[in-house]
Amino acid sequence: MASMRKPDDLDVLRELVGSRPGAEAAYQDALQRDGLLASMASSRQESGLNQHAVADAMGTSQSAISDLETGRAEPRLSTLQRYARAVSRRLDVRLVDDAGPDVRREAEERGLGLILSSMLPFDRLTVDDLANKLQLPERLITHAISVLTRHHWITALTDGPAAFRLNDQRALVIGVSIRHDHVVGVLTNLRTSQVIDFRRIAHATTAPEGAVAVVAEIVSQLRSAAVPGQEILGVGVEMAGVVDRETGVVRFAADFRDRLHNPWVDFDLEDAIETTTGFTTVVENDVNALATREHLISGDPGGVVVLLMGESGRGIGAALIANGTVVHGHDSVAGEIGHLIVDPSGPACRSGRHRGCLESVASTAAILDSISHPEQRLAASRRGSGFDLKHAAALAQSGDTSTLTALVRAGNAIGDVLSPMIALTDPARIVIYGPRELVDIPTHDSARSFMGAISERLNRSGSDKHDVVGRDLNDFILPRAAAVVAVSHFTARPKNWLPIGPVVGDDLLAPMRSVADPVSAY
């Protein structure tokens with residue numbers, strides 16, 4: 001057909017696309033106009049009419065119809081409507097949201113990630129399950145499932161009603177936990193339910209560069225444990241301290257502070273590990289990582305409050321999941337509850353700035369410090385082991401008043417601090433991570449006293465409807481939580497982790513390259 005454009009206009013626009021602002025939109029508009037002109041002439045021909053017949057129906061001339069169909073005339077909307085009626089058609093003109101290619105690509109990528117994250121906690125989900133859970137149109141979910149199935153991220157189940165499950169062996173994840181005297185790493189599946197390999201390296205460095213070198217060694221060892229050709233998605237890292245989640249910069253890490261200075265202030269840990277290992281890396285605060293694990297792996301849509309107590313440390317931190325997202329706060333310090341004052345006449349804080357904060361009263365070290373048993377401490381010292389929670393648990397088992405008082409006092413303080421936080425956010429669960437002597441109620445009297453005191457204080461404040469759960473803070477939990485953080489960020493933005501193909505279609509989540517060459521793949 002004849003065109004409304006001058007010769008080569010579309011060719012010129014096509015060459016400008018990508019190099020000149022607005023060229024893409026102009027090119028698409030020109031294509032749309034050409035398409036409309038082509039449909040006008042074809043509709044007339046399908047109706048068995050020539051230009052003279054249409055001109056008679058519209059009360060105009062044949063030359064006017066020719067100008068209209070070739071684009072030589074710029075018609076009014078009413079003229080196009082009259083033309084449509086003359087050829088037994090109806091003109092449909094609508095204004096729609098102009099989501100350009102980048103927006104469409106991001107929307108589809110987000111949809112794929114939502115489906116992957118929704119499948120993490122479950123063995124099987126149907127299209128209806130996903131539509132109800134995500135509140136997305138069924139056709140969009142069906143398309144996303146088709147893409148994910150073709151690239152083996154999910155698998156269709158053949159038993160029972162049509163359903164799908166996550167292929168949690170599609171890629172592996174490395175999770176790393178950094179502590180002041182050791183680094184622990186795990187190689188896991190996507191769900192982090194299977195620990196394929198586990199490595200632990202002790203170190204004595206306070207310098208961040210030294211810790212990065214240890215992390216790189218663990219990542220190298222875990223990488224070699226993968227089956228040849230099995231893909232490693234990336235690395236998740238957690239550590240105690242203030243971590244800027246947007247940048248992966250460690251703002252402050254109290255556990256690495258020496259008498260003179262803290263070399264971890266404003267250290268870009270994420271970039272350092274990515275540069276050293278070649279893997280896409282995400283860094284998170286330890287308690288935020290545990291909260292992410294609680295939310296993503298449990299599948300609980302409600303909010304979660306997580307409190308972390310180290311085995312022998314003086315730190316206490318909290319994290320909150322709200323609307324499926326970790327609350328980081330303006331300066332990434334949300335949940336730093338350790339220095340809230342609970343007893344102004346209490347022990348001095350390790351910061352030296354105040355007395356009676358939560359850490360100085362209720363941390364693991366504070367509990368041990370407040371137990372008055374010099375003979376037990378002396379006996380432990382002679383054995384070279386030091387007075388620890390195992391000794392405290394044994395004393396609690398025997399009904400020792402000093403030990404039980406210290407445990408109840410600590411639990412009361414934690415309950416008092418958590419109560420307003422829970423009243424403001426109304427979470428579904430409160431999870432206390434700590435040593436088993438403090439959280440494993442079935443096997444330890446010390447845990448019954450400590451956890452019972454927390455629950456009693458929450459009940460007193462009207463928070464009795466919330467479940468309080470204790471979880472053992474063993475060597476596997478923190479690195480697995482770090483791995484979950486990596487998975488969480490992957491599902492939120494797959495294109496930041498994987499090579500991405502065309503805007504929409506089969507290559508959106510192209511199969512990753514072999515683990516044999518992680519640097520080039522990421």
Side-chain angles (χ1 to χ4, degrees), residues 172-188 197-226 232-258 260-290 292 315 317 326 328 331-333 478-490 492-493 495-498 512 515 517-522:
L172 305 181
V173 186
I174 292 176
V176 177
S177 172
I178 300 177
R179 289 296 172 266
H180 72 281
D181 59 353
H182 68 276
V183 175
V184 180
V186 294
L187 180 66
T188 78
D197 198 17
F198 171 87
R199 301 297 169 97
R200 188 181 194 276
I201 297 179
H203 70 83
T205 180
T206 59
E209 294 81 7
V212 169
V214 177
V215 171
E217 175 60 26
I218 281 186
V219 169
S220 176
Q221 293 179 13
L222 292 173
R223 171 189 168 191
S224 66
I232 295 180
L233 184 66
V235 177
V237 178
E238 67 78 26
M239 67 178 296
V242 177
V243 177
D244 186 332
R245 184 41 254 132
E246 293 299 318
T247 63
V249 171
V250 178
R251 298 299 180 196
F252 183 74
D255 289 349
F256 285 86
R257 180 174 49 193
D258 59 29
L260 298 178
H261 70 301
N262 190 327
W264 284 81
V265 173
D266 294 333
F267 179 73
D268 194 342
L269 181 61
E270 189 167 286
D271 181 70
I273 294 176
E274 280 195 355
T275 301
T276 306
T277 67
F279 284 110
T280 300
T281 301
V282 57
V283 178
E284 182 60 280
N285 160 272
D286 52 359
V287 67
N288 286 337
L290 289 170
T292 302
V326 173
H328 287 96
D331 289 319
S332 298
V333 294
L478 283 168
R480 285 171 68 183
V484 173
V485 171
V487 174
S488 172
H489 282 261
F490 158 63
R493 285 290 183 266
K495 72 179 181 181
N496 292 346
W497 296 74
L498 303 174
M512 291 181 291
V515 68
D517 187 15
V519 176
S520 63
Y522 296 91

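Source: prediction; values computed, not measured.
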Q: Carefully, step by step, assess Ile201 and Arg199 under the rule side-chain contact (heavy atoms from CB on, under 4.5 Å).
A: CA-CA 7 Å; Ile201 297 179; Arg199 301 297 169 97; 5.6 Å; no
Q) side-chain hydrogen bond (donor to acceptor under 3.5 Å, both in side chains) with Glu209: which residues, sequence neighbours excluded? A) none
Q. What residues, two or more places apart in sequence or in another chain, satisfy side-chain contact (heavy atoms from CB on, under 4.5 Å) together with Asp268?
A. Val249, Glu270, Asp271
Q. Under the side-chain contact (heavy atoms from CB on, under 4.5 Å) test, which residues partner Ala253, sequence neighbours left out?
A. Met239, Val250, Phe256, Trp264
Q: With sequence neighbours excluded, tell me which residues meet side-chain contact (heavy atoms from CB on, under 4.5 Å) with Thr292.
A: Val326, Val484, Val485, Ser488
Q.
The criterion is salt bridge (Lys or Arg N to Asp or Glu O under 4.0 Å); which residues satisfy it with Asp266, sequence neighbours excluded?
A. Arg251
Q) For the residue pair Val219 and Val176, what are the closest heavy atoms and their distance? A) CG2-CG2, 4.4 Å
**Q.** Nearest-0.5 Å distance that lies between atom CD1 in Ile174 and atom CD in Gln221
**A.** 10.5 Å
**Q.** Residue pairs, two or more places apart or on separate chains, that pass salt bridge (charged side-chain N to carboxylate O under 4.0 Å, His left out) and touch residues 278-288
**A.** Arg179-Asp286
Q: Mind checking side-chain contact (heavy atoms from CB on, under 4.5 Å) for Ala213 and listing every partner two or more places apart, or none if nothing turns up?
A: none
Q) Out of curiosity, His328 NE2 to Glu246 CD, how far, rounded to the nearest 0.5 Å? A) 8.0 Å
Q: Would you please test Phe198 and Val184 for side-chain contact (heavy atoms from CB on, under 4.5 Å) and show each step?
A: CA-CA 7 Å; Phe198 171 87; Val184 180; 3.1 Å; yes
Q.
Let me confirm one number: the CG-CG distance from Asp244 to Leu269, rounded to the nearest 0.5 Å.
A. 12.0 Å
Q) Between Pro263 and Thr206, which heavy-atom pair has the shortest distance, and what is it? A) CG-O, 3.3 Å
**Q.** Nearest non-hydrogen partners of Ile178 and Ala211, listed with the distance
**A.** CG2-CB, 4.5 Å
**Q.** Heavy-atom donor-acceptor pair, Arg245 side chain to Val283 backbone, under 3.5 Å
**A.** yes
**Q.** Pairwise distance NE2(His489) to OG1(Thr280) - rounded to 0.5 angstrom
**A.** 12.5 Å
Q: Applying side-chain hydrogen bond (donor to acceptor under 3.5 Å, both in side chains), name anything that partners Ser177, two or more places apart in sequence or on another chain.
A: Glu238
Q) Ignoring hydrogens and geometry, is there a side-chain-to-backbone donor-acceptor pair from Thr275 to Ala272 under 3.5 Å? A) no
Q: Show your reasoning for whether side-chain contact (heavy atoms from CB on, under 4.5 Å) applies to Leu478 and Leu290.
A: CA-CA 7 Å; Leu478 283 168; Leu290 289 170; 3.9 Å; yes
Q | Heavy-atom pair of closest approach, residues Ala289 and Ala482 | A | CB-N, 4.4 Å
Q: Locate the shortest heavy-atom distance separating Ala226 from Ile232; write the atom from each residue and the value.
A: CB-CD1, 4.4 Å
Q. Between atom OG1 of Thr188 and atom CG of Leu172, what is the distance when rounded to the nearest 0.5 Å?
A. 7.5 Å
Q) More than 12 heavy atoms of other residues, nucleotides or ligands under 6.0 Å from NE2 of His180: is that the case? A) no
Q: Measure the spacing between OG of Ser332 and CG of Asn285 and express it to the nearest 0.5 Å.
A: 9.0 Å
